[in-house]
Every structure is written in C-alpha cells, then in structure tokens.
Amino acid sequence: MLRVKNLNKSFGKNLVLNDVNFEAQQGEILVIKGESGAGKTTLIRCICNLEEPDSGQIEIDQVQMLEKTGKKRNADIYQDKVGLVFQGYNLFPHLNIMDNLTVAVLSQKLMSKEQAEEKALQTLEKLGIRDKADQYPHQLSGGQKQRVAIGRSIMLNPSILCFDEPTSALDSKTTEGIAEIIRLLASDGICILIITHDNEFADKIATRQLHMVKSKLYGNPEGIAIAK
C-alpha cells in the first residue's frame, strides 16, 4: 500500500506539488492524469526517490519513506519497495537484454550471478520475450523495449510499480499488449501507479483515476479500487 500525505515541492518560486494527498492499494491500477507541466512527473519522481520533496510524507507497506520535513531516509529501503518504468525506457544500449536486467542487482550485490540470471529468465518468460535475452536494445521493437524496462523494474518484486507515460511511443496494438502485462502484474498483487495524459489508455486500464491540475490533485484520493 502507498500513502502520500501533504506532499509539497517547489523549484524556486514555481510550486509544482501543492499539498498532494492520496492512497493506492495492493493490486490497484491507479492512473494520475494531467497535462504536461501539471506536476505528474515530479510526483512520481518523489515517490521513486529521484526527487526530494520540500515537505510531506510517503509511506509504503507501513514503512515511512519520508519524514515530515521532506527529508528522505536511506535509499536502500526503496530497493524492493518501488520500481519505475521510464518514459524513454533508459536501457543500456551496450548491454544485451540479460545484462540490462541483471546489472543493477549484481552491482549492488543483491543477488548472486546465478540467482540474478535465473530471475531474469523467469521474468522475461513472464513478459513473453525470453527469446530476446541475448539481443541488444537496438534489435528490439518499441513494445519489446517497454517489456524489458518493465522486467528490469520488477527484478526485486517491488510493492509499487510506477509508469511514466507508458504509451507515449507505442501504437494501439502494442499498447494493448502492455496493458495486458500491467493487468497481470496487478493481479500478482503489485500496486500500479501510472501517470499519463492519454485519456483513452487511462479509461481502459485504470481501476481508479485522479487528475492533477496546476500542482494540485483532484478526484477520490482514498477510493477503493473496483476490479474490472
């Protein structure tokens, strides 16, 4: 479960997050919609420990990730709590797909090489791209790259998986395939948080939607998801 309380963030005189409050439940697909510049990306970066809020609280699985002052706790606690699928995938072009999935966990000594490769193969199998393990990012389609990015983000079985504009570079057929993967992950109990301005995709995938307008969040922040 994710709980965000009274989150605020400014860049200079520009207020980007204004007293943001919401909750997301295990197995829920929560979509936060809004135009560019509304504050969506900053919000997700704060949740993923990539940006430091000015004040507020972030709680995941009853663990306080952020103190009231906005000060972040040790980054290590985020490792198996939050995963992020970047808008541009952020794959390493010089590494094959197997290495893209295992490089982070190996460099941080979170798994042995044997464990990491076994986990990576299981993950690629789940995502339908096990046969791509020895290929490189430039050899993959956009949808396949998106699946690799998802695979890398779930290597440590996070409680929360965040997506930044997951359909921005995908056609309708590929988008539907990614939607099915997101539903599968949610059915496994992962809390899915998506930010997007794609209203059609949001209506198709979300169990609940919130709207961000000029740094403030609107909707039903404590609503219970209804399975589709």
Side-chain angles (χ1 to χ4, degrees), residues 27-36 40-41 44-45 47-48 50 82-107 110-111 113 115-158 160-207 209 228:
E28 179 175 11
I29 303 174
L30 175 61
V31 174
I32 297 178
K33 299 193 300 186
E35 298 299 324
S36 297
K40 306 186 308 299
T41 297
I44 211 169
R45 286 178 61 83
I47 292 169
C48 294
L50 298 176
V82 186
L84 173 61
V85 180
F86 292 91
Q87 181 176 357
Y89 315 132
N90 284 24
L91 302 180
F92 295 107
H94 62 291
L95 299 179
N96 65 22
I97 302 313
M98 171 63 74
D99 290 340
N100 262 280
L101 263 66
T102 60
V103 62
V105 295
L106 291 178
S107 64
L110 301 175
M111 298 181 186
K113 184 176 181 180
Q115 290 172 327
E117 291 183 349
E118 181 179 358
K119 174 69 174 177
L121 287 174
Q122 292 172 351
T123 300
L124 293 173
E125 179 74 30
K126 185 174 187 176
L127 297 173
I129 52 172
R130 182 178 175 131
D131 61 326
K132 307 299 181 183
D134 295 327
Q135 294 189 12
Y136 287 79
H138 75 271
Q139 297 175 289
L140 305 184
S141 67
Q144 290 167 342
K145 291 177 184 177
Q146 182 74 289
R147 290 172 190 243
V148 174
I150 293 171
R152 183 178 57 188
S153 296
I154 61 175
M155 280 291 288
L156 289 176
N157 301 316
I160 315 291
L161 184 58
C162 302
F163 288 82
D164 183 2
E165 299 286 358
T167 64
S168 61
L170 305 179
D171 59 33
S172 58
K173 182 178 180 180
T174 305
T175 294
E176 182 54 41
I178 297 301
E180 286 303 315
I181 289 173
I182 291 173
R183 294 187 188 104
L184 176 63
L185 296 172
S187 71
D188 287 341
I190 299 177
C191 173
I192 305 293
L193 178 62
I194 300 171
I195 60 169
T196 185
H197 62 269
D198 185 339
N199 291 327
E200 182 179 351
F201 178 71
D203 292 341
K204 180 182 298 184
I205 194 69
T207 54
Q209 298 185 40
K228 292 186 177 181

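This chain uses plain numbering: 1 for the first residue, then up along the sequence. From a predicted model like this one, the values you see are computed outputs, not experimental measurements.
Closest approach of Cys162 and Val82 over heavy atoms only: SG-CG1, 4.1 Å. Residues Ser153 and Leu84 share a closest heavy-atom pair of OG-O, 2.8 Å. Contact detail for Thr102 and Ala116: the closest heavy-atom pair is CG2-O, 3.6 Å. What you find for Gly34 and His197 is that their closest heavy atoms are O-CB, 3.4 Å. For the residue pair Phe201 and Pro166, the shortest heavy atom distance occurs at CE2-CG, 3.8 Å. Among all heavy-atom pairs drawn from Ile190 and Pro158, the shortest one is CG1-O, 3.8 Å.
Glu176 contributes atom CD, which lies 7.5 Å from atom CD1 of Ile205 (distance to the nearest 0.5 angstrom). With rounding to the nearest 0.5 angstrom, the OG atom of Ser141 is 9.0 Å from the CG atom of Asp171. To the nearest 0.5 Å, atoms CG (Leu124) and CD1 (Ile129) are separated by 5.0 Å. The CD1 atom of Ile192 sits 8.5 Å away from atom CD1 of Ile160, with the distance rounded to the nearest 0.5 Å. Here CD1 of Ile195 is found 4.0 Å from OG1 of Thr41. Values are rounded to the nearest 0.5 Å. Of the inter-residue distances, the one linking Lys126 atom NZ with Leu184 atom CG reads 5.0 Å to the nearest 0.5 angstrom.
Using a 4.5 Å heavy-atom cutoff, the side chains of Phe86 and Leu50 are in contact. Two residues are said to be in side-chain contact when any heavy atoms from C-beta on lie closer than 4.5 Å; Gln139 and Lys132 fail this criterion. Within the 4.5 Å cutoff, side-chain heavy atoms of Asp203 are placed close to those of Gln209. The side-chain heavy atoms of Pro137 and Val148, taken from C-beta on, include no pair separated by under 4.5 Å. Ile178 has its side chain out of reach of Thr167: every pair of non-hydrogen atoms, C-beta onward, lies at least 4.5 Å apart. Side-chain contact between Leu140 and Ile97 is present, with heavy atoms from C-beta onward closer than 4.5 Å. Taking the side chain as every heavy atom from C-beta outward, Ile150 and Leu185 approach each other to under 4.5 Å. Side-chain contact check for Leu106 versus Lys113: some heavy-atom pair is nearer than 4.5 Å.
Exactly one of His94, Arg152, Lys145 qualifies for a side-chain contact (heavy atoms from CB on, under 4.5 Å) with Asn100. That residue is Arg152.
Asn96 places a side-chain N or O within 3.5 Å of a backbone atom of Met98 that can act as its donor or acceptor partner. Within the 3.5 Å criterion, the main-chain N or O of Glu35 finds a donor-acceptor partner in the side chain of Lys40.
In summary, Arg183 and Glu180 engage in a salt bridge, as defined by a charged side-chain N under 4.0 Å from a carboxylate O.
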Check your understanding: So Val105 and Lys119, side-chain contact (heavy atoms from CB on, under 4.5 Å) or not? Walk me through it.
Key -> CA-CA 11 Å; Val105 295; Lys119 174 69 174 177; over 6 Å; no
